[in-house]
Structures are given as C-alpha cells and as structure tokens.
Amino acid sequence: MAEVYLRRLSRWQAEQQRDAVADVYVSAYRGAAGAEHRDRQGFLLRLEQHVQHTGFDMVVADTAGTVGCAYGFRVPRTGEWWSDLQGELPRDIEELTASGRTFLLAELMVLPAHRRRGIATRLVERLLIRLDADLVVAATGRDTDRPSDSGDGADGGGESPGAAAQAFRAWGWSRFGVLGPHTAPDMAFGAGPGPDSMTGEVWIRRPLR
C-alpha cells in the first residue's frame, strides 16, 4: 500500500476538511442500514461544537485521501464531563480538570481497509507528543453499546469495544472507571446523536513527552 502521511490541522483547517473527516467517520463506524445519514449529521454537529473547545487539536492520516483522524481538546474546567462517573472522582483528577490540565481524546478512527497498519497508534502519538497537559482521558463504548475504536493489538478504528480496551492497554493507558448511563452520547468514540442512554469505559494516561 501507499505510504501514509500524518498532518496536524489548525482549527480552521479542521473546519474546512470536516466533510472528508465525516466520510471517514461513516465508514469507520458503519452500523445498521439506514443509519449513515443520521450518523454523519450527528458527527458533523458534534465536530462543530468540539472545534470551539479550548485546546482543540486534530491530526489526520492521508494517502490519496483521508484515511484516519484523531482529535481532542481540554476537558471543560467545570468538571461536567465527569458528572456521570460511577463512583467518586479522585481529588487530584478533579483539581487537574479545574486547572485546565486534562485533555480529552475525543475521537479516533481509521478506515477499515487501512487498519492493522499502526495508523491509529501513530495518530495518537502525534496528537499527544507536544501536549501541554498532565492527564489524558478517553471514553469508549462498552461491549453492550455500538462499535467503538480498536486495534491490531494496538491499532484500529471502528471495531469492538473489547478490541478498543486491548489497544488502550497496549498503548499504556489504564482503565479508570465507567461513565453513565447518561444522556450525552457524544462522550465516547463513535457516539451517535440523540438522547439514547449509554455507558462508556473511561481510560486515562499521562501524555507522551
């Protein structure tokens, strides 16, 4: 296969390339028949909101077109992202969030034809390598939810939540807890629009330096 190149996009560039990224999203999280339009529109609405967050950053993988993407932003200082955590939030994480030192890996996806080539691993590394934060978090769907991001032992984009857990462990992340059930499904990889209740597994790690 052709070589895959990674590019970091500014907020403005991310908005300009939203349609190409949405195409990757639909293919990576292809679900039930008839869901494509709903999923695409829901993703575009979430992306429109996400690019406005403090610290938004995006990296895309290209080879004759966009084949993968990872992006994230600072967890809001208000702590609302943690509001559905099952159990008590540790004081140190609460303080890191309140001080703006926590970064959310909000989305990670790779086209099915390009999985198991280490692309997701490279996307995450590039996104986090220059990150000025003390904690990185991500939420993935649980096995009872719709598909989420995953790996080839450590790579992927749109396979099962079990594979996602395998990938996060291989990348050095730790399982932290469970979010939900809640009514804010945009917290987890591949979340669709609407008020459907869901739960998500939370993973954390210290950023790459």
Looking at side-chain heavy atoms only, is the closest gap between Val124 and Leu108 below 4.5 Å? yes
Taking only Lys NZ, Arg NE, NH1 and NH2, and the carboxylate oxygens of Asp or Glu, determine whether Asp19 and Arg40 approach each other closer than 4.0 Å. yes
Heavy-atom closest pair, residues Ala133 and Phe103: CB-CB, 4.2 Å
Would the distance check show the side chain of Ser99 and the main-chain N or O of Leu96 forming a donor-acceptor pair, the cut-off being under 3.5 Å? yes
Is there side-chain contact between Val136 and Arg206, with at least one heavy-atom pair below 4.5 Å? no
To the nearest 0.5 angstrom, please state how far the OG1 atom of Thr102 sits from the CD atom of Glu95. 11.0 Å
Looking at every non-hydrogen atom in both residues, tell me the closest pair between Ser27 and Pro112 and how far apart they are. O-CG, 3.7 Å
How many angstroms lie between atom OG1 of Thr63 and atom CD1 of Ile119, to the nearest 0.5 angstrom? 8.0 Å
Would you confirm whether the ring centroid of Tyr71 sits within less than 6.0 angstrom of the ring centroid of Phe56? yes
Atom pair CH2 (Trp81) and OG1 (Thr97), whose distance is rounded to the nearest 0.5 Å: 9.0 Å
For a quick check under 3.5 Å, do Arg7 and Gln17 share a side-chain donor-acceptor pair by atom type? yes
From CA spacing to verdict: side chain to side chain contact (heavy atoms under 4.5 Å, CB included), Ile204, Leu135: CA-CA 7 Å; Ile204 64 173; Leu135 184 70; 4.1 Å; yes
Tell me, do Met58 and Val21 make a side-chain contact under 4.5 Å, heavy atoms counted? yes
Starting at OG of Ser174, measure out to CZ of Arg205 and round the result to the nearest 0.5 Å. 9.0 Å
Tell me whether Arg115 contacts the main-chain N or O of Val110 through its side chain, where contact means a donor paired with an acceptor under 3.5 Å. yes
I want to check something: taking the side chain as every heavy atom from C-beta on, are Trp173 and Leu105 in contact at a cut-off of under 4.5 Å? yes
Can you confirm whether Glu88 is buried at CD, in the sense that more than 12 heavy atoms of other residues, nucleotides or ligands lie under 6.0 Å from that atom? no
Would you say Arg175 and Glu201 make side-chain contact, with heavy atoms under 4.5 Å? yes
Pairwise distance CZ(Arg117) to CG(Leu111) - rounded to 0.5 angstrom: 11.0 Å
Which of these, Trp171, Phe176, Phe168, sits in a ring-ring contact (aromatic ring centres under 6.0 Å, His included) with Trp203? Phe168
Working note: Asp57 + Arg8, criterion salt bridge (Lys or Arg N to Asp or Glu O under 4.0 Å); need CA distance, chi angles, decisive distance, verdict. CA-CA 8 Å; Asp57 202 3; Arg8 188 180 297 273; 2.4 Å; yes
If I compare all heavy atoms of Ala22 with all of Leu44, which pair ends up nearest, and what's the gap? CB-CD2, 3.8 Å
Nearest heavy-atom approach of Arg126 to Ile129 is O-CG2, 3.4 Å
Side-chain (Arg101) to main-chain (Ile93) donor-acceptor, under 3.5 angstrom: no
Closest heavy-atom pair, Leu6 versus Ala61, reported as atoms and distance to 0.1 Å, is CD2-CB, 3.6 Å
Do any N or O atoms from the side chain of Thr66 and from the backbone of Asp62 form a donor-acceptor pair under 3.5 angstrom? no
Taking every heavy atom of Leu127 against every heavy atom of Gly72, the minimum-distance pair comes out as CD2-N, 4.2 Å
Report yes if the side chains of Leu9 and Val59 come closer than 4.5 Å at any heavy-atom pair, otherwise no. no
Leu104 vs Phe73, test: side chain to side chain contact (heavy atoms under 4.5 Å, CB included). Steps then yes/no. CA-CA 5 Å; Leu104 171 66; Phe73 47 84; 3.7 Å; yes
Report yes or no: does Arg46 contribute a side-chain atom to a donor-acceptor pair with the main-chain N or O of Gly42 at less than 3.5 Å? yes
Under a 4.5 Å cut-off applied to non-hydrogen side-chain atoms, are Val75 and Val137 in contact? yes
Side-chain (Gln16) to main-chain (Gln13) donor-acceptor, under 3.5 angstrom: no
Spacing of CE belonging to Met109 relative to CZ belonging to Phe43, to within rounding of 0.5 Å: 4.0 Å
Test salt bridge (charged side-chain N to carboxylate O under 4.0 Å, His left out) applied to Arg77 - qualifying residues, sequence neighbours left out: none
